[in-house]
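Below is one structure, written out as structure tokens; comments come after it.
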Amino acid sequence: MAAVSIAFAAPDNCKGPRPSQERPVDLVHLANQTMGDKSLEIEVLQMFARQARACLQEISSGDEKIIETAAHRLKGAAGAVGAFRVHAAAEALEGNCGDAASMAAVGIAVIEAENFILKLCR
């Protein structure tokens, strides 16, 4: 009988919504930033995807100053929307602009975030 009451008990989430680090975009963070406005969330994510793509083009320029500036801009935008993998990859690139592995990591993280955003916008 105790097992039945445990199985149907409400989950213990007294701390409120928790960040979703396993997703390319933390939707809890985004909802907090947009005060739960779903249409604003979609608009913000679409703007982020466009900006991230533009930053990737600048990162591929080969010019270290442009790479550093683009990585910094991408890091800020990603942190604002909750794309924390993109944020971390951009931060690593910002500190080491000539590293091809860091550039590739940014590209992978951005593509992952873009695919996630496209699925949300369907």
Side-chain angles (χ1 to χ4, degrees):
M1 195 60 128
V4 171
S5 65
I6 290 172
F8 294 102
D12 181 22
N13 57 357
C14 61
K15 296 176 185 161
R18 294 187 183 150
S20 173
Q21 296 293 330
E22 64 271 357
R23 291 188 184 131
V25 176
D26 183 341
L27 297 177
V28 173
H29 176 82
L30 181 62
N32 286 333
Q33 295 295 93
T34 61
M35 294 179 275
D37 184 335
K38 296 298 180 193
S39 62
L40 181 58
E41 287 177 13
I42 295 298
E43 185 178 340
V44 166
L45 287 174
Q46 289 172 337
M47 286 189 319
F48 168 71
R50 285 191 301 273
Q51 183 177 14
R53 182 56 62 174
C55 287
L56 279 183
Q57 288 179 334
E58 293 175 11
I59 287 169
S60 68
S61 72
D63 182 321
E64 285 195 16
K65 185 64 179 162
I66 292 173
I67 293 170
E68 183 179 10
T69 302
H72 182 75
R73 190 169 55 252
L74 181 58
K75 179 180 76 171
V81 300
F84 295 124
R85 289 183 203 155
V86 175
H87 179 274
E91 185 172 49
L93 179 60
E94 185 181 18
N96 192 7
C97 295
D99 184 40
S102 294
M103 285 185 209
V106 169
I108 290 167
V110 167
I111 289 169
E112 185 180 49
E114 282 181 336
N115 287 336
F116 183 78
I117 292 166
L118 286 172
K119 288 177 187 177
L120 284 177
C121 294
R122 287 184 188 179

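The first residue in the sequence is number 1, and the count goes up from there. The shown structure was predicted, so the numbers you read here are calculated from the model rather than taken from an experiment.
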Shortest non-hydrogen contact from [X] toward [Y]:
X      : Y      : value
Ala71  : Ala90  : O-CB, 3.5 Å
Gly79  : Phe84  : O-CE2, 3.9 Å
Val86  : Ala109 : CG2-O, 3.4 Å
Cys121 : Ile42  : SG-CG2, 3.7 Å
Ile67  : Ile59  : CG1-O, 3.3 Å
Ala70  : Glu58  : CB-OE1, 3.4 Å

> For Val81, does its backbone N or O pair with a side-chain atom of His87 as donor and acceptor, under 3.5 Å?
Replying inline: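 No, the answer is negative, given that no donor and acceptor are paired below the 3.5 Å cut-off.
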Measure the spacing between [atom1] of [X] and [atom2] of [Y] and express it to the nearest 0.5 Å.
X      : Y     : atom1 : atom2 : value
Ile66  : Glu68 : CD1   : CD    : 11.5 Å
Thr69  : Glu64 : OG1   : CD    : 11.5 Å
Gln51  : Arg73 : CD    : CZ    : 6.5 Å
Leu120 : Lys38 : CG    : NZ    : 9.5 Å
Leu45  : Leu30 : CG    : CG    : 5.0 Å
Thr34  : His29 : OG1   : NE2   : 9.5 Å

> Can you list the steps and then say if Val106 with Arg85 is a side chain to side chain contact (heavy atoms under 4.5 Å, CB included)?
Replying inline: CA-CA 9 Å; Val106 169; Arg85 289 183 203 155; over 6 Å; no
> Can Leu40 be reached from Ile117 by stepping across I, L, V, M, F, W or Y side chains whose heavy atoms are under 4.5 Å apart?
Replying inline: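 Both belong to a single hydrophobic cluster.
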>> Would you say that Phe48 contacts Val25 through its side chain, given a criterion of any heavy-atom pair below 4.5 Å between the two side chains?
In response: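 They are not in side-chain contact.
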